[in-house]
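Lettering of chains follows the sequences in order, A, B, ..., and the numbering in each one begins at 1. No experiment lies behind these values; they were computed from the predicted model shown.
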Number of protein chains: 2
Amino acid sequence: MTFITLRSIFTFELSKMVSKELLLKLFPDWENDLYEEVIAHAELRSASAGSILLKKGQNIKSAMLVVEGTIKLYQEDEEGSEFFMYHLTPGEACAVTLVCNYHLEQSQVLAKAVTDISYLAIPLEFMDKWLQKYKSWHYFVIRTYRSRYEELLNTINEIAFKNMDERLEFYIKRQVERSGKTVKLTHQEIANDLNTSREVISRLLKKMENNGWISLSRNSFDWIKK
Amino acid sequence: MTFITLRSIFTFELSKMVSKELLLKLFPDWENDLYEEVIAHAELRSASAGSILLKKGQNIKSAMLVVEGTIKLYQEDEEGSEFFMYHLTPGEACAVTLVCNYHLEQSQVLAKAVTDISYLAIPLEFMDKWLQKYKSWHYFVIRTYRSRYEELLNTINEIAFKNMDERLEFYIKRQVERSGKTVKLTHQEIANDLNTSREVISRLLKKMENNGWISLSRNSFDWIKK
DNA sequence: ATTATATAGTGACATTTATCACACTAGCTT
DNA sequence: AAGCTAGTGTGATAAATGTCACTATATAAT
């Protein structure tokens, strides 16, 4: 009985094979040896929609590169509120996990799987080695930081200067860009992401519907405007 | 007459010498050849307090490393409001200017000199070369991005979760850390940095004074608390 | 010393967002 | 079909912030 349980956990955690074709598609500009190293040392892990991949304050154990699905990154406050910052999609990496070479560093962000996902987990000891060894990795890390930095600038632009109606519109548009006209989120989920209350979102969505921008249903709505 | 004017402009723009001692102090972990390159190719420029070093939308012409003084970085919105994000002090660099190798990229941020400053301006064509050639430069760029990313996370934490009184306290504390107990800013300047109105800041500061946290004067106040 | 100007204080009110209370409803369970 | 439940709609009110109008005052300019 116990054995079976243990084995099933083990099976779940066991890395699947990482194929070179997959890597070539996701990270087309890497050096050949780097592919080999990734194949040798990275684990292809999966997680189901909704699971938490990284929590604020948690020690970072491995770098995380998205292979399949979408991850959402949040800033978390002391009381456990979550503020949505940006998405990560296949070929992108979680910046905070890429430069944790020396000390055991703690995550300042929360990462959640939106869909079922798979990702490459690379043990941290390779981070510094690869930085030294592979130019393409080096560029990858810098590109990652640069684009995450830009995402944060966008986020700040929204909350520093805009009211909730505009922020909601921006939020929905980002959503639509990724997953199409139909947004499958409850008002409560949107409210959590924007750190406001469900009522506020309900009222604003109603107003958008009255303006003909969206069409509301239960558990989802469609973006019509433009 | 015209000649004299031209010469004075020229003199002002002319690069001063960059000494190796200076570089060693500010950037102690660089490679020797990198110091030489910086001495050969960087210009030591100066700017007076209040001047704008980089504007949103402006083409980036050179990388910027702070040598003396303090720079403030802002996010700017369409109407010209400015939202303060973080400071740059000697030994730090403006992240956005470091990875603009290929295309003519436009700045997404606004950078202003708080005090009289001097900084190294490095022509962009060296950015990619140095990334390839100098590991210490590579690490410098990554460290810069990493720490700016963390600053942005802090900023987001403030505006996403906190009310103006807490944001103001955080703002003042950052100020005090850098330039001591006496904060030499008008209420209007603080209001601009936090993207709120002067009245709001005046009232909150008054409340802080009543609580014994600060002592108000004209054009400045002292932080007393703790 | 008087005036001018930038800075600061404060009441009154508007707007935005948050909170509470409760009604309504679609879609599932039994 | 009846009942349950998560999701939604909406009024009433509170709290936070923004805006306007005006006063007061410290410092600089004359």
Side-chain angles (χ1 to χ4, degrees), chain A residues 49-50 77-84 156-172 175 182-223, chain B residues 49-50 77-84 156-172 175 182-223:
Chain A
D77 85 341
E78 303 77 35
E79 284 94 41
S81 302
E82 298 163 5
F83 180 81
F84 170 67
I156 287 175
N157 192 46
E158 290 299 304
I159 43 179
F161 299 123
K162 300 192 180 161
N163 286 348
M164 201 50 84
D165 53 350
E166 293 180 281
R167 288 175 51 197
L168 177 57
E169 193 184 339
F170 181 76
Y171 177 88
I172 296 172
Q175 207 66 34
T182 302
V183 177
K184 289 190 207 68
L185 291 168
T186 67
H187 300 183
Q188 186 64 62
E189 288 170 323
I190 299 173
N192 291 343
D193 280 1
L194 295 173
N195 195 45
T196 180
S197 69
R198 200 261 317 158
E199 294 93 321
V200 170
I201 298 302
S202 286
R203 278 190 255 260
L204 289 174
L205 286 176
K206 204 69 198 168
K207 200 188 281 179
M208 287 185 176
E209 184 174 52
N210 292 337
N211 292 342
W213 296 10
I214 61 175
S215 135
L216 288 167
S217 338
R218 194 188 178 78
N219 290 308
S220 78
F221 57 88
D222 288 300
W223 183 251
Chain B
D77 84 341
E78 302 77 34
E79 283 93 43
S81 303
E82 299 164 5
F83 179 80
F84 170 66
I156 287 175
N157 192 44
E158 291 299 304
I159 44 179
F161 299 123
K162 299 191 181 162
N163 286 346
M164 201 51 83
D165 52 350
E166 294 179 280
R167 288 175 51 196
L168 177 57
E169 192 184 341
F170 181 77
Y171 177 88
I172 296 172
Q175 207 66 33
T182 303
V183 177
K184 290 189 207 69
L185 291 169
T186 67
H187 300 185
Q188 186 63 62
E189 288 170 323
I190 299 173
N192 291 344
D193 280 2
L194 295 174
N195 195 46
T196 178
S197 71
R198 201 259 318 158
E199 293 93 322
V200 170
I201 298 301
S202 285
R203 279 190 254 261
L204 289 175
L205 285 176
K206 204 71 200 164
K207 199 188 280 179
M208 286 186 177
E209 184 174 51
N210 292 338
N211 292 341
W213 296 9
I214 60 174
S215 135
L216 288 168
S217 335
R218 193 188 179 79
N219 289 310
S220 77
F221 57 89
D222 288 302
W223 183 252

Taking for each residue the nucleotide of DNA chain C bearing the nearest heavy atom, is the 5' side occupied by Asn219(A) or by Asn195(A)? Asn195(A)

From the list dG7(D), dT19(C), dT7(C), which nucleotide is the closest neighbour of the side chain of Arg218(B)? dT7(C)

Taking only the side-chain nitrogens and oxygens of Thr196(A), find out if one of them lies under 4.0 Å from OP1 or OP2 of dA18(C). yes

Give Thr186(B) one of three labels, base, sugar-phosphate or nothing, depending on what nucleic acid heavy atoms sit under 4.0 Å from its own. sugar-phosphate

Is any side-chain N or O of Arg203(B) under 3.5 Å from a base N or O of dT19(D), one able to act as donor and the other as acceptor? yes

Using whole Å, what does the distance between atom P of nucleotide dT25(C) and atom NZ of Lys206(A) come to? 12 Å

Does atom NZ (Lys207(A)) have a neighbourhood of more than 12 heavy atoms from anything else shown, all under 6.0 Å? no

Hey, does Glu169(B) have a side-chain heavy atom less than 4.5 Å from the side chain of Trp213(B)? yes

Find the distance Gln188(A):CD to dT19(C):P and express it as a whole number of Å. 12 Å

Atom-pair distance (NE2 on His187(A); C1' on dG7(D)), nearest Å: 8 Å

Among dG9(C), dT10(C), dG9(D), find the nucleotide with the atom closest to the side chain of Glu199(B). dT10(C)

Nearest whole Å is fine: how far is dA15(D) C1' from Leu204(B) CG? 14 Å

Winner on side-chain proximity to Leu216(B), out of dT8(D), dG9(C), dT10(C), is dG9(C)

Distance check needed: dG18(D) P versus Asn163(B) CG, whole Å only. 11 Å

Given DNA chain C, 5'-ward residue of the pair Arg198(B) and Met164(A), judged by closest heavy atom: Arg198(B)

Ile201(B) has an atom CD1; how far is it from atom P of dG9(C), in whole Å? 12 Å

Might you point out which heavy atoms bring Thr196(B) and Met164(B) nearest each other, and give the distance in Å? CB-CE, 3.5 Å

